[in-house]
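As structure tokens, the structure follows; a few thoughts come after it.
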Amino acid sequence: MANKRVEKVFISEADQYLFAQGTHYDIYKKLGAHVSEENGKKGMYFAVWAPNAKAVHVIGTFNNWDETAHPLEKLGPGGIYSTFIPGVKTGELYKFLIETPDGRKLYKSDPFGNWAEYRPGTASRTTDLSGIKWSDDKWVFSRDKKDWTEEPISIYECHIGSWMKHPDGTEGFYSYREFADRIVEYLKEMKYTHVELMGIAEHPFDGSWGYQVTGYYAPTSRYGAPEDFAYLVNKLHNNNIGVILDWVPAHFPRDAHGLAEFDGTCLYEHPDRRRGEHPDWGTKIFNYGKTEVKNFLIANALFWIKEFHVDGLRVDAVASMLYLDYGKQDGQWLPNQYGGNQNLDAIEFFKHFNSVIHGSFPGVLTIAEESTAWPKVTGDVEADGLGFSYKWNMGWMHDFCEYMKLDPLFKKNNHHALTFAMSYNDSEKYILPLSHDEVVHLKCSMVNKMPGYQIDKYANLRTGYTFMFGHAGKKLLFMGQEFGQEREWSEERELDWFLLQEPLNKGMQNYVKELLNLYRKNPAMYEVDHDWSGFRWVNCDDCDRSIYSFIRKSKNGKKKLLFVMNMTPIARENFEVGVPGRKKCKLILNSDDVKFGGNGNVIPKEIIPVKDECDNLPYRIKFNLPPFASAVFEI
């Protein structure tokens with residue numbers, strides 16, 4: 001701070017007006033704690049929104065937590081309080097002491113604080129984000145010029161604290177910087193395009209995985225300081241890997257130091273319990289009808305994009321926001337003004353949120369975890385859509401998992417579980433997720449969902465992954481699924497990396513790497529994802545043999561790939577499948593290859609089609625299709 005030019009921070013009447021209107025998108029630069037200078041003295045400017053407080057003080061290590069030393073001044077009717085304290089440096093702990101009209105004292109962390117005390121401490125910590133150095137201009141410029149609907153998106157969902165444990169780190173955690181060096185190397189080797197990071201915003205309880213946030217503007221201190229998190233993002237960008245964060249505007253916890261009843265009243269949450277609380281989750285629901293609350297959340301989304309250069313936000317629990325009766329019994333929810341169960345304020349919030357983000361940052365992705373058939377989640381706001389870039393296809397995920405874990409004997413009676421998703425594929429822009437939610441709470445790991453002997457489990461899953469990567473939609477896999485993690489995920493331990501010494505697990509990792517590589521190299525697999533011009537079923541009705549076949553096509557129609565998947569342990573000799581032309585079919589992937597952990601059954605490298613109608617196509621090819629195996633051809 002000594003040699004750096006410091007500008008005076010202050011909150012003007014215009015700032016107060018815009019915040020009250022819900023359109024001050026840089027409000028985080030004013031509220032919170034910021035390095036400032038007044039009358040030639042450098043220090044820290046503190047500001048907080050607490051309109052129903054009787055008085056507000058800031059307490060911290062700089063004043064020995066003296067509750068009377070530094071009162072804040074109320075600036076106007078909007079309820080913002082502020083003060084400047086000379087001499088306060090970065091790295092100091094602090095809280096706001098809120099005195100309520102009924103005489104209570106509340107000790108609150110800073111809602112706009114950019115750094116937090118390491119848990120179990122609950123104070124905020126002063127910092128200065130203006131000194132962060134970035135070298136990712138090339139990435140950001142390129143990102144905002146892309147039409148991501150026509151680009152490959154393969155996402156590695158990752159929880160930093162349990163991806164890999166550090167033998168010498170604090171509680172076994174790698175720091176952001178240490179993690180950066182390891183994850184970049186791994187993602188580059190595996191050929192993922194993006195990483196989605198769970199639990200980055202500050203949260204008190206590890207077991208919440210970061211989905212119960214107390215510090216919306218602070219990267220969690222578990223892994224280091226804010227500039228360390230910036231280092232991670234910068235390094236990923238410099239290696240051409242995008243960064244998506246989980247973002248949780250649906251609810252927040254009741255912790256005494258957090259947002260709940262912040263100034264002694266329901267300031268951030270809806271005051272009516274029927275709209276302000278999740279009875280099953282024990283959490284508070286934001287009041288989306290209050291302009292300042294909407295401003296807090298939308299400015300927060302922009303904060304991560306502007307200050308930490310993130311490339312996307314995966315919005316958690318969207319359905320719980322859209323439906324007033326989500327997870328509630330009769331009498332626990334309040335209908336809207338028309339008597340329905342739609343949360344009209346949340347609908348408008350999402351339209352506002354997506355309009356602002358895409359208007360300013362066209363290359364930034366907004367992704368909805370929305371588990372129902374709510375219409376137009378990815379539709380244009382101008383056409384009454386919500387405006388998201390993508391929606392997680394939870395229906396596909398559910399059907400896929402339920403089908404893949406069936407005994408092969410019963411698959412023929414559930415054949416259309418895997419074909420159903422294409423019947424509604426063009427209604428939204430989808431990501432196909434196999435996320436952390438599918439491998440916790442006794443749901444089993446992906447490989448242990450599979451029936452049969454161990455070798456069958458891995459063969460079955462390889463073929464399932466082939467179906468997923470061939471199917472229309474962008475891709476997401478949770479960490480560990482790429483090498484056949486056998487235990488369920490737990491945030492308390494690292495992934496079972498030792499399994500890579502086993503041939504089946506190393507083979508699975510090699511196979512997923514090959515799928516990711518094929519995906520990035522073949523526009524037919526990603527250019528046209530939400531339009532029938534990019535996908536054609538060859539045979540979607542082969543129930544008795546439980547075989548699926550389809551063609552993926554590039555945007556110009558010149559590049560085509562044929563996918564064939566055998567979902568049973570029965571070999572199909574002289575299997576015939578239709579193809580559209582006489583072009584020689586070149587095998588580019590055989591899931592039964594020994595290097596993938598397969599049995600080594602051979603499929604010819606090249607097959608010349610025969611002119612003979614098959615599957616309503618004019619030509620056919622014939623080959624031996626191994627048990628639980630997939631074949632992919634260039635045709």
Side-chain angles (χ1 to χ4, degrees), residues 155 157 196-201 208-213 216 244-252 268-270 275-278 280-281 283-289 293-294 296-298 300-302 304-305 310 312-328 333 336 340-358 364-381 383-398 424 427-438 473-474 476 530:
I155 302 166
E157 187 189 26
E196 180 179 316
L197 298 173
M198 295 169 58
I200 294 303
S208 78
W209 312 330
Y211 295 113
Q212 295 199 12
V213 177
Y216 276 82
I244 298 167
L245 298 189
D246 278 1
W247 190 59
V248 192
H251 62 138
F252 57 90
Y268 286 91
E269 64 268 45
H270 198 286
R275 289 197 183 170
E277 295 185 8
H278 278 299
D280 289 345
W281 298 349
T283 53
K284 299 283 190 177
I285 302 172
F286 283 103
N287 185 353
Y288 308 106
V293 172
K294 286 190 289 187
F296 171 83
L297 290 170
I298 292 173
N300 180 245
L302 292 167
W304 291 107
I305 296 165
V310 304
L313 297 171
R314 199 279 294 187
V315 184
D316 182 63
V318 167
S320 75
M321 298 170 65
L322 292 173
Y323 295 96
L324 295 168
D325 59 347
Y326 186 92
K328 298 178 180 180
W333 64 283
N336 63 32
N341 67 344
Q342 301 89 0
N343 189 331
L344 304 179
D345 292 329
I347 294 168
E348 289 307 309
F349 166 78
F350 281 132
K351 291 179 178 180
H352 189 172
F353 159 80
N354 282 309
S355 296
V356 169
I357 289 179
H358 295 143
V364 169
L365 305 175
T366 59
I367 303 164
E369 185 215 13
E370 203 286 304
S371 55
T372 74
W374 188 280
K376 297 185 179 180
V377 172
T378 58
D380 292 339
V381 170
D384 204 30
L386 297 184
F388 282 93
S389 309
Y390 287 98
K391 170 181 171 171
W392 272 17
N393 194 336
M394 310 288 278
W396 174 90
M397 174 273 298
H398 175 268
Y424 59 82
S427 64
E428 302 279 7
K429 300 179 183 73
Y430 284 116
I431 290 174
L432 308 183
L434 293 176
S435 74
H436 66 276
D437 275 330
E438 307 322 306
K474 309 307 183 185
L476 179 143
H530 55 279

Is the side chain of [X] donor-acceptor paired with the backbone N or O of [Y] at a distance under 3.5 Å, no angle test?
| X | Y | result |
| --- | --- | --- |
| Gln342 | Asn336 | no |
| Asn300 | Tyr216 | yes |
| Thr366 | Ser389 | yes |

Heavy atoms, side chains only, cut-off 4.5 Å: are [X] and [Y] in contact?
| X | Y | value |
| --- | --- | --- |
| Leu434 | Met397 | yes |
| Ile200 | Trp304 | yes |
| Trp209 | Asp246 | no |
| Val318 | Trp374 | no |
| Val310 | Leu197 | no |
| Tyr268 | Phe252 | yes |
| Glu277 | Lys284 | yes |

Sub-6.0 Å ring centroid separation between Trp247 and Phe353: yes
Centroid-centroid distance, Tyr323 to Trp333, less than 6.0 Å: no
Drop me the distance from [X]'s [atom1] to [Y]'s [atom2], to the nearest 0.5 angstrom.
| X | Y | atom1 | atom2 | answer |
| --- | --- | --- | --- | --- |
| Ser435 | Ile155 | OG | CD1 | 11.0 Å |
| Glu157 | Met198 | CD | CE | 5.5 Å |
| Met321 | Asp316 | CE | CG | 10.0 Å |
| Leu324 | Arg275 | CG | CZ | 5.0 Å |

Donor on one side chain, acceptor on other, His398 and Ser371, under 3.5 Å: no
Got a list of side-chain donor-acceptor pairs under 3.5 Å for residues 344-351, not counting sequence neighbours?
unit_1	atom_1	unit_2	atom_2	d
Lys351	NZ	Asp384	OD1	2.5

Which residues share a salt bridge (charged side-chain N to carboxylate O under 4.0 Å, His left out) with Glu196, sequence neighbours left out: Arg314
With Glu370 via salt bridge (charged side-chain N to carboxylate O under 4.0 Å, His left out) - residues at least two apart: Lys391
Parallel, tilted or perpendicular: rings of Tyr288 and Phe286 (30°, 60°): tilted
